[in-house]
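Presented below is the structure to which this report refers.
Naming convention: chains lettered A, B, ... in sequence-line order (proteins, then strands); numbering from 1 in each chain.
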Amino acid sequence: MTSELQIFNTLSRKKELFEPLRPPYVGIYVCGPTVYGDAHLGHARPAITFDLVFRYLTHLGYKVRYVRNITDVGHLENDADEGEDKIAKKARLEELEPMEVAQFFINRYHSSMDALNVKRPSIEPQASGHIIEQIEMIQQIVNKGFAYEANGSVYFDVEKYNDETHLYGCLSGRVIEDLLSTTRSLSGQEEKRNSADFALWKKASPEHIMRWKSPWSEGFPGWHVECSAMSTKYLGEQFDIHGGGMDLLFPHHESEIAQSTSVHKHGPCKYWMHNNMITINGQKMGKSLGNFITLNEFFTGEHPLLEKSYSPMTIRFFILQAHYRSTLDFSNEALKAAEKGFSRLMQAMRYLEKLTASQTSSVDIGGLKQKCYDALNEDFNTPVLIAHLFEAAKIINAVQNGKENLTLADINTLKDIFDTFITGILGLSDEISDDSSETIGKLMDLILKLRQQAKTDKNYALSDNIRDELNLAGITVKDSKEGATWSKES
RNA sequence: GGUCUUGUGGCCGAGUGGCUAGGCAGCGGUCUGCAAAACCGUGUACAGCGGUUCGAAUCCGCUCGAGACCUCCA
């Protein structure tokens, strides 16, 4: 299949035709979470965005290797003391092994992502397992003369690099002169030649638990080098797509480009993709701002800002209803609208399974599938895709009501579209059918049969009572001409 | 202060020059024992001002507002 996929490349700030470097293979690297806390709604955005990219490229027939790292070392704390590692800090407070803490949150991250139906990446490397690769990369940068050692730590020489390449700032639009004049208060500041220089290796202070031997000191790698080292290891010196949140644009991704370019003479990837932030009351939802709501809190509804619980699929649908490069504003109202809309789509999907075919079709669904592809090809425009799917839902409902007709072929086309786009690419699944077991189904058939008898006998008190009681049990009963149907709340 | 992004109807959110995006909510109706769902109908939306154009939400300028990054953050 010839790709007509356009991807907005942050590097050029334009949509570009997607042409893999080595078709049919595609390499994707996405910056994953730092595992020192539970995943919040903000983490769901890149996970779902790049899950979509992964699913769609796979659907198009590419052989995709999707690498999403886990940062379990290397992030420096700037608020507290002397550059203590975030993981190590948490560990010491709770007297746990650092890796125990990391593993705890990795497990929780995975279960949240599984709930959201986010596919596991092909490789999920942990920074702590790639210290050797990082040291090697730092050594290469030193050898090329773009880094210097100071007191056991190694820093990237931004000014020297920029003089030779004129690249520092190419991704973020930053101007080097401005950066050089910026003052910071990070530890080790006095060791740097320039304030814009960033750490490749940090000498560990005596109380620092997570530490490794290196040619320069016992210490730990800087944050940016982990992604460069691991992406190079698993995807090569240059791969197709590098993704992450917009907040990582600078300095993280800018520094990755600098590191790769200083060693390989070119940047790490062809396309840079950045998802936008989720806001809450118009402000970025973030750990440092303390205004985040974790995914588990959404699932359980246990948070002061939440009026109710929201299912994982509601969250997923909510995120996919906005384009990934737009900010998305959280509110109970918006989430409830997403929940309602999603259930409408799922109801149509259920009707579709049982639709009666006619000899002729009274509506034309010919161009629908292509329109769905067109939407995705336009830089993964999921809101437009979803709008098309609602058009299909409307047609299905009309057929269900006997107001329109569809041939068997057209019904099968719709089934194919729903299966391909809703289930396959958007990764949305009907939560209701998932937890309705066969036994419950039989019991429900029986109960509804008894209720129907009550209705036939005009014993509405009884029939309504049955419906009310079921309602309390989280089961909604809907009457129609063909009989009653039921669905379970998630 | 610098770099970048952005401002769409009650809410969320597509749309880059001309053709009703879509969802939710609201209102009126159909259907129904009732309810729910569904269906039909229903909205003088494009921050303000000026410019370009036969024509602008869409391009340009200015004003005002909002946000992200510049320090860890998805």
Fill in: Sugar-phosphate only, base, or nothing, as touched by A:Ile386 at under 4.0 Å among non-hydrogen atoms
nothing
Discussion item. Of the options B:rA37, B:rA21, B:rC69, whose atoms approach the side-chain atoms of A:Phe250 most closely?
Written reply: B:rC69
Worksheet item: So what does A:Met277 touch, heavy atoms closer than 4.0 Å: a base, only the sugar-phosphate, or nothing?
Response: base
Discussion item. Which is more 5' along RNA chain B, the nucleotide nearest A:Ala393 or the one nearest A:Gly244? Just name the residue.
Written reply: A:Ala393
Worksheet item: So, are A:Asp410 and A:Lys415 salt-bridged, with charged N and O less than 4.0 Å apart?
Response: no
Worksheet item: Base, sugar-phosphate, or nothing: which does A:Glu391 touch, judged by heavy atoms less than 4.0 Å apart?
Response: nothing
Item to complete: Have a look at A:Ser326 and say if it touches a base, only the backbone sugar-phosphate, or nothing, with a 4.0 Å heavy-atom cut-off.
Response: sugar-phosphate
Discussion item. Looking at B:rG9, which nucleotide sits across from it as a Watson-Crick or G-U wobble partner, both distances under 3.5 angstrom, or is there none?
Written reply: none
Practice prompt. Could you tell me whether A:Leu328 contacts a base, only the sugar-phosphate backbone, or nothing, with contacts defined as non-hydrogen atoms closer than 4.0 Å?
Written response: sugar-phosphate
Discussion item. Please classify the nucleic acid contact of A:Val30 as base, sugar-phosphate, or nothing, using heavy-atom distances under 4.0 Å.
Written reply: nothing
Worksheet entry | Whole-angstrom distance between B:rU6 and B:rU42, as gauged at atom P | 34 Å
Discussion item. With a 4.0 Å cut-off on N to O distance, would you call A:Asp479 and A:Arg451 a salt bridge?
Written reply: yes
Worksheet item: Nearest to the side chain of A:Pro383 - B:rG10, B:rA21, B:rC70?
Response: B:rA21
Response to the item:
By the Watson-Crick or G-U definition, both distances under 3.5 Å, B:rC4 is matched with B:rG67
Item to complete: For A:His40, report the nucleic acid contact type (base, sugar-phosphate, nothing); a contact means any heavy atom under 4.0 Å.
Response: base
Practice prompt. Using a heavy-atom cut-off of under 4.0 Å over every strand shown, decide if A:Asn397 touches base, sugar-phosphate, or nothing.
Written response: sugar-phosphate
Practice prompt. Measure the acute angle between the ring planes of A:Trp223 and A:His252, then classify it against the limits of 30° and 60° as parallel, tilted or perpendicular.
Written response: parallel
Worksheet item: Taking the same atom, P, in B:rA74 and in B:rA68, what whole-Å distance lies between them?
Response: 15 Å
Practice prompt. Return yes if the base of B:rA36 and the side-chain atoms of A:Arg467 contain a donor-acceptor N/O pair under 3.5 Å, otherwise no.
Written response: no
Item to complete: Give a yes/no verdict on a cation-pi contact between A:Lys458 and A:Tyr460, requiring under 6.0 Å between NZ or CZ and the six-membered ring centre and an angle within 45° of the axis.
Response: no
Worksheet entry | Length of the line joining A:Trp223:CH2 and B:rC72:C1', which is rounded to integer Å | 7 Å
Discussion item. From CZ of A:Phe342 over to P of B:rG13, roughly how many Å is that when rounded to an integer?
Written reply: 19 Å
Item to complete: Look at the side chain of A:Arg45 and decide which nucleotide, out of B:rG13, B:rA37, B:rA74, has an atom nearest to it.
Response: B:rA74
Response to the item:
Closest of B:rA14, B:rA38, B:rA74 to the A:Val384 side chain is B:rA14
Discussion item. Over all strands shown, is A:Phe390 touching base, sugar-phosphate only, or nothing at heavy-atom distances under 4.0 angstrom?
Written reply: sugar-phosphate
Practice prompt. Kindly point out which of B:rA38, B:rA14, B:rG22 is positioned nearest to the side chain of A:Ala387?
Written response: B:rG22
Worksheet item: Heavy atoms under 4.0 Å, any strand shown: does A:Lys458 hit a base, just sugar-phosphate, or nothing?
Response: nothing
Worksheet item: Relative to A:Phe50, does A:Arg68 satisfy both conditions: NZ or CZ under 6.0 angstrom from the six-membered ring centre, and within 45 degrees of the ring's axis?
Response: no
Worksheet, complete the sentence: B:rG41 -> Watson-Crick or G-U wobble partner, both distances under 3.5 Å, gives B:rC27
Practice prompt. Kindly say whether the aromatic ring centers of A:Tyr234 and A:His130 come within a distance under 6.0 Å.
Written response: yes
Discussion item. Distance criterion of 3.5 Å, no angle test: do you see the side chain of A:Asp464 paired donor-to-acceptor with the base of B:rG33?
Written reply: yes
Discussion item. Side chain of A:Thr34, heavy atoms from C-beta onward: which of B:rG13, B:rG22, B:rA74 has the nearest atom to it?
Written reply: B:rA74
Item to complete: Name the closest nucleotide to the A:Lys287 side chain, picking from B:rG33, B:rA74, B:rA38.
Response: B:rA74
Discussion item. So if I take every side-chain heavy atom of A:Ser463 and compare against B:rG23, B:rG33, B:rA74, which nucleotide ends up nearest?
Written reply: B:rG33
Worksheet item: Is any side-chain N or O of A:Asp479 under 3.5 Å from a base N or O of B:rC34, one able to act as donor and the other as acceptor?
Response: yes
Item to complete: Take the angle between the ring planes of A:His274 and A:His253 and call it parallel below 30°, perpendicular above 60°, tilted in between.
Response: tilted
Worksheet item: When you compare B:rG15 with B:rA21, how far apart are their P atoms, in angstrom units rounded to a whole number?
Response: 13 Å
Worksheet item: Between B:rC12 atom C1' and A:Ile278 atom CD1, what is the distance in whole Å?
Response: 13 Å
Worksheet item: Does A:Lys369 make a cation-pi contact with A:Phe421, if we ask for NZ or CZ under 6.0 Å from the ring centre and within 45° of the axis?
Response: no
Item to complete: Provide the distance between the two C1' atoms, one in B:rG22 and one in B:rG17, to the nearest whole Å.
Response: 22 Å
Discussion item. Taking only the C1' atom of each, what is the distance from B:rG41 to B:rG7 in whole angstrom?
Written reply: 32 Å
Worksheet entry | Listed nucleotide nearest any side-chain atom of A:Lys284, set B:rA74, B:rC39, B:rG10 | B:rA74
Worksheet entry | Euclidean distance for P, B:rG65 against B:rA57 (whole angstrom) | 24 Å
Worksheet item: If each of A:Lys15 and A:Arg451 is mapped to the nucleotide of RNA chain B with the nearest heavy atom, which maps nearer the 5' terminus, i.e. the 5' end?
Response: A:Lys15
Worksheet item: If you measure from the C1' atom in B:rC54 to the same atom in B:rC24, how many Å do you get, rounded?
Response: 39 Å
Fill in: Nearest-Å distance once atom P is located in both B:rU5 and B:rU44
35 Å
